[in-house]
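The model shown is predicted, which means the values in this text are computed figures rather than measured ones.
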Amino acid sequence: MGDDRTAADAVPEVITAPSGNEDPKPAEAASALGSTEKPANGQVADSDLVRLEPTMNLFNGVTIICGIIIGSGIFISPTIVLNLTGSVGLSLVIWAACGVFSMIGALCYGELGTMITMSGGDYAYILKAFGGLPAFLLLWVTLLIIRPTAQAVVALTFGNYILQPFFEDCDVPKNAPILLAAVCITILTFVNCWNVRWATKVQDVFTAAKIIALIIIIIAGLVQLFMGGAKNFENSFEGSTTDPGEIALALYAGLFAYGGWNYLNFVTEELKNPYKNLPRAIVISVPLVTVIYVLANVAYFTAMTVEELSVSKAVAVTFGQKLLGPMAWIMPVSVALSTFGGVNGLLLTGSRIYFVGAREGHLPEAIAMISVNRRTPVPSLIFTCFLSLLYLFSSNIGKLINYFSFVTWLATGAAIAGLLVLRIREPERHRPVKVNIALPIIFVIACVFLVIMGTIAAPYDTLIGLAILLTGVPVYFIGVYWKNKPESFNAYVRSSTEWMQRLFMVIAEEKRD
């Protein structure tokens with residue numbers, strides 16, 4: 001690419017990683033996803049093309065999965081799980097079962113991600129298996145509610161916990177966490193816009209920090225256990241609930257803490273050698289998190305009575321107050337670090353959904369553009385940041401999240417159902433990873449169970465969420481399906497796109513013919 005190229009006059013040549021429309025042959029995939037071979041005479045080198053480059057290695061993949069899974073859930077959800085299960089023993093079973101369930105889903109996503117090597121995760125797989133409308137509806141609610149509210153809530157959690165050590169004897173000022181959350185989102189958006197490697201380094205550092213914090217909890221708990229803190233494990237299943245509804249809700253709470261095991265699939269095109277590194281990252285990360293989660297819960301029970309744990313609003317903070325003495329401040333700071341890294345992971349992966357959606361024609365073309373100088377999807381990142389900042393000031397953010405709890409498992413189940421559809425429809429398709437057929441069947445059945453139980457537990461919320469989801473149908477037919485729009489409208493869109501290109505110095509992804 002010559003030095004005189006500008007965002008306004010650059011002409012995209014086309015190159016892309018395999019998008020799932022054709023079988024990903026290993027040799028072709030290696031070329032499309034990061035080969036360093038020299039181009040033939042007269043051709044543009046891959047490194048000179050404006051595109052999202054495959055810069056993430058296996059370690060980055062592991063820290064993305066672990067870093068997003070380990071958010072605030074493990075520091076808060078143990079209280080919810082214990083109250084719903086009614087006993088120490090059953091709560092530990094639930095935590096282990098959620099880990100196994102997440103591993104089954106992750107293995108299925110390993111097959112999907114190596115078969116359909118385009119970024120976008122659930123959206124990409126539903127698009128390939130079921131077509132444009134179902135994929136657009138997922139993109140619609142993801143764009144409007146799911147991603148920005150998740151980022152806003154995690155950022156607010158960061159703001160609350162980072163301030164907690166300074167306000168031990170009084171409440172945190174109401175607007176202070178909002179201000180810090182906005183700073184957190186803005187800084188991390190800048191980092192992600194500036195350099196993908198910077199973003200992955202932030203993810204690496206903060207994932208390491210949160211794992212160290214959990215190891216501190218586990219070690220302190222084991223010391224307490226060997227010093228006689230095993231009282232809670234006597235008759236550990238006494239008082240266990242037998243209500244299927246409460247068990248289902250306990251699973252919901254546990255699975256919330258495991259959320260994020262599928263997020264590496266949102267950046268598949270930026271992962272080096274995804275055919276090896278994607279499944280390897282999954283196999284390393286999910287079992288690692290499962291072991292850490294179960295041992296952390298065991299540690300909690302060594303330091304607190306069942307009664308103390310059942311009323312704690314932040315289990316890790318209570319744990320620190322009980323065992324760490326003057327060093328108890330480590331726990332709220334650890335939660336803050338955990339959530340800071342979580343916001344980074346959500347921005348990194350979430351922006352790619354919008355990028356891929358725009359590239360497929362489901363969102364304005366401008367969102368699928370890439371910085372000429374930075375090789376990052378600046379418009380989609382800024383769009384993600386803007387929506388998240390708006391939700392920081394919403395007083396009903398919790399209700400909005402509740403409305404779409406069912407969508408998470410509906411989308412994940414639909415993506416893995418797509419795996420089964422593609423097994424039937426395209427049996428000869430190249431699959432570098434192929435799981436036993438029983439795994440996706442078990443997972444889809446479990447997702448149906450979770451959606452049904454969630455609907456029964458909160459029918460009003462589910463109905464409102466479904467109504468908002470369906471508002472995407474007319475938007476799809478007007479914005480996507482209708483091709484012959486008035487020329488005045490098309491001219492306005494072109495003008496807006498060109499203005500944005502000049503503002504951010506971005507162009508459409510370049511692809512080799």
With a 6.0 Å cut-off on ring centres, are F386 and F383 close enough? no
What orientation do F136 and W140 show, parallel under 30°, tilted 30 to 60°, or perpendicular over 60°? parallel
Take atom CZ in F130; do more than 12 heavy atoms of anything else shown fall under 6.0 Å from it? yes
Please determine, by modelled atom types, if Y123 and H362 share a side-chain donor-acceptor pair under 3.5 angstrom. yes
How close do P364 and A358 get, heavy atom to heavy atom, and via which atoms? O-CB, 3.3 Å
Please assess R375 against E509 for the test salt bridge (charged side-chain N to carboxylate O under 4.0 Å, His left out), listing each intermediate value before the final yes or no. CA-CA 9 Å; R375 302 296 199 273; E509 183 181 32; over 6 Å; no
So, does S495 use its side chain to make a donor-acceptor pair with the main chain of A491 at under 3.5 Å? no
Are a donor atom and an acceptor atom from the side chains of D122 and Y109 found within less than 3.5 Å of each other? yes
Using ring centroids (six-membered ring only for Trp), state whether F101 and W95 fall under 6.0 Å. no
Salt bridge (charged side-chain N to carboxylate O under 4.0 Å, His left out) assessment of R352 paired with E270: CA-CA 10 Å; R352 273 51 174 185; E270 296 169 76; 2.7 Å; yes
Ring centres under 6.0 Å, that's the criterion: do Y258 and Y293 meet it? yes
Any donor-acceptor N/O pair, T207 side chain to D204 backbone, under 3.5 Å: no
Backbone of A199 reached by a side-chain donor or acceptor of N192 within 3.5 Å: no
Between F355 and A368 the two heavy atoms that sit nearest each other are CE1-O, 3.1 Å
Could you walk me through whether L251 and C98 pass side chain to side chain contact (heavy atoms under 4.5 Å, CB included), step by step? CA-CA 7 Å; L251 286 168; C98 289; 3.9 Å; yes
Using a distance-only test with no angle check, is there a side-chain donor-acceptor pair under 3.5 angstrom linking R147 and T349? yes
Residues two or more places apart in sequence or in another chain: which of them pass side chain to side chain donor-acceptor pair (under 3.5 Å) with N160? none
Closest non-hydrogen contact found for M56 with I64 is SD-CD1, 3.6 Å
Measure the CD1-CD1 distance between I441 and I416 for me, rounded to the nearest 0.5 Å. 12.0 Å
Any donor and acceptor pair, going by atom type alone, linking the side chain of S285 with main-chain N or O of I282 inside 3.5 Å? no
Which of these passes salt bridge (charged side-chain N to carboxylate O under 4.0 Å, His left out) with E111: R431, R429, K434? R431
Side chain to side chain donor-acceptor pair (under 3.5 Å) partners of residues 244-257, not counting sequence neighbours, each pair once: T241-E246
Test: R374 cationic atom under 6.0 Å from F190 six-membered ring centre, within 45° of axis: no
With under 30° as parallel and over 60° as perpendicular, where do the rings of Y476 and Y481 fit, or are they tilted in between? tilted
